[in-house]
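Remarks on the structure that follows.
None of the values given here were measured: they were computed from a predicted structure. Chain letters run A, B, ... following the sequence lines, proteins first, then strands; residues in each count from 1.
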Number of protein chains: 2
Amino acid sequence: MLAAAVEVIGESGTSGLSLRDLARRAGVSHAAPAYHFGDKEGLLTALASQGYELLADALEAARGAGGEILEVGLAYVRFAVDHPAHFKVMFQPDLYPDDDPTLAAARQRAAEALRAEVTALPGVDPQIARLAAWSIVHGFATLWLGGALRQAAGQDDATDLARPVIRLLFGHDSDRAT
Amino acid sequence: MLAAAVEVIGESGTSGLSLRDLARRAGVSHAAPAYHFGDKEGLLTALASQGYELLADALEAARGAGGEILEVGLAYVRFAVDHPAHFKVMFQPDLYPDDDPTLAAARQRAAEALRAEVTALPGVDPQIARLAAWSIVHGFATLWLGGALRQAAGQDDATDLARPVIRLLFGHDSDRAT
DNA sequence: CCTGAAACTTGTCATTGACAAGATGCCAGC
DNA sequence: GCTGGCATCTTGTCAATGACAAGTTTCAGG
């Protein structure tokens with residue numbers, strides 16, 4: 001059912017999502033989704049939680065694979081591109097209550113994965129560095145999903161375009177020319 | 001009426017927006033909004049267009065005031081914080097059709113204002129520099145509006161926090177320590 | 001065989017977006 | 001002064017939706 005929700009959101013966005021349509025696709029009655037999630041908010045909360053878990057998985061995997069900060073950043077972008085529906089719901093906090101414990105735990109896990117990887121540059125407040133890293137990958141991902149970048153750049157692969165962008169912030173100077 | 005829409009979105013988010021509620025607040029009948037905007041999509045299109053105009057104004061003003069790139073970036077963040085409803089609608093493209101001519105013109109104007117300001121760093125593709133600049137300010141603004149940053153940082157003023165973040169990307173090395 | 005819980009279904013209600021068909025007011029041109 | 005036309009709304013209606021209440025099926029454990 002969450003999978004069906006992801007599909008619908010991918011087609012019509014978060015506003016076009018209807019519990020009854022989900023039920024129709026799943027071949028059940030119109031009240032079945034309400035039983036499982038209680039509420040439309042409940043469904044979106046579950047979807048956001050799942051999204052944070054997937055994101056944490058992706059970030060931890062990139063970190064485990066010997067990845068430096070660049071790789072973790074690219075994993076963030078790749079997550080957004082591969083799971084656009086999850087990403088959109090996760091960062092639209094007026095769709096769900098933010099006091100759900102499951103969601104808070106998943107979010108905490110993802111935040112930790114992101115936080116651990118940013119090694120501070122010399123002379124820079126590590127908190128600022130973390131914020132900058134998060135901002136640039138999140139901004140890039142959001143703009144890409146919004147379609148704002150596809151026309152500006154000839155690129156059709158998000159990560160190819162994201163790589164030099166992230167390098168500009170954290171890359172060694174020798175990388176800047178590439 | 002657009003002002004009322006802004007107010008409602010500020011309270012309940014884009015999904016809680018109802019044409020009938022708008023009509024109630026404006027003291028008119030439930031079909032009056034439909035006459036002016038034709039459609040819910042129409043209303044959101046108008047709101048997005050207005051948002052892009054306001055953004056272009058803000059960016060051009062920052063640029064005109066002798067602002068370097070840092071000031072323009074801060075103006076972007078300030079716009080998002082001051083006009084959260086507009087900002088949210090603008091960058092949620094599944095809420096409105098993207099082929100509206102008025103909207104396209106306004107968007108073009110804002111894009112131009114942003115594009116013109118980014119002076120390339122030596123040895124860096126200017127397109128990449130623009131993308132990085134846009135990404136970092138957009139990401140910061142989005143995360144701030146989503147409430148993701150307010151807890152992490154003790155700051156309660158967005159621009160104070162955004163300043164060192166933007167400096168990290170574009171500032172001179174002498175600024176980094178501050 | 002009985003019980004009770006999980007996973008639904010059916011039925012209903014207020015609200016919403018969209019549309020059609022009038023009202024009402026105002027102003028230009030004759 | 002009258003008429004036609006236009007912009008701005010109102011009333012009425014419809015299908016779709018989210019939420020909820022109450023019943024139904026299924027099935028494991030005792």
### Query
Of the residues in residues 15-26 of chain A, which ones touch DNA chain D at a heavy-atom distance under 4.0 Å?
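By residue number: A/Leu17, A/Ser18, A/Leu19, A/Arg20, A/Arg24.
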#### Entry: A/Val89 versus A/Leu47, closest heavy-atom pair with distance
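A/Val89 and A/Leu47 have their closest heavy atoms at CG2-CD2, 4.2 Å.
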So which protein nitrogen or oxygen atoms get under 3.5 Å of nucleotides 20-26 of chain D's nitrogens or oxygens?
none

Sequence neighbours excluded, every pair satisfying salt bridge (Lys or Arg N to Asp or Glu O under 4.0 Å) that has a member inside [range]:
{"range": "residues 43-61 of chain B", "value": "B/Glu53-B/Arg109, B/Asp57-B/Arg109, B/Glu60-B/Arg109"}
{"range": "residues 93-105 of chain B", "value": "none"}
{"range": "residues 27-39 of chain B", "value": "none"}
{"range": "residues 8-27 of chain B", "value": "B/Glu7-B/Arg25, B/Glu11-B/Arg25, B/Asp21-B/Arg24, B/Asp21-B/Arg25"}

### Query
A/Lys40 or B/Ser29: which one's nearest nucleotide on DNA chain D is closer to the 5' end?
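On the 5' side of the pair lies B/Ser29.
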### Query
In chain order, what residues pass the ring-ring contact (aromatic ring centres under 6.0 Å, His included) check against A/His83, with sequence neighbours excluded?
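Expected list: A/Phe79, A/His86.
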Contacts of [X] that satisfy side chain to side chain contact (heavy atoms under 4.5 Å, CB included) - sequence neighbours left out:
{"X": "B/Asp157", "value": "B/Thr159, B/Asp160"}
{"X": "B/Ala34", "value": "none"}
{"X": "B/Leu143", "value": "A/Phe91, A/Trp134, A/Ser135, A/His138, B/Ala148, B/Leu149"}
{"X": "B/Leu19", "value": "B/Pro33, B/Lys40, B/Leu43"}

Identify each atom pair where a protein N or O and an N or O of nucleotides 6-8 of chain D are less than 3.5 Å apart, giving names and distance.
residue : atom : partner : partner atom : Å
D/dT8   : OP2  : B/Tyr35 : OH           : 3.3

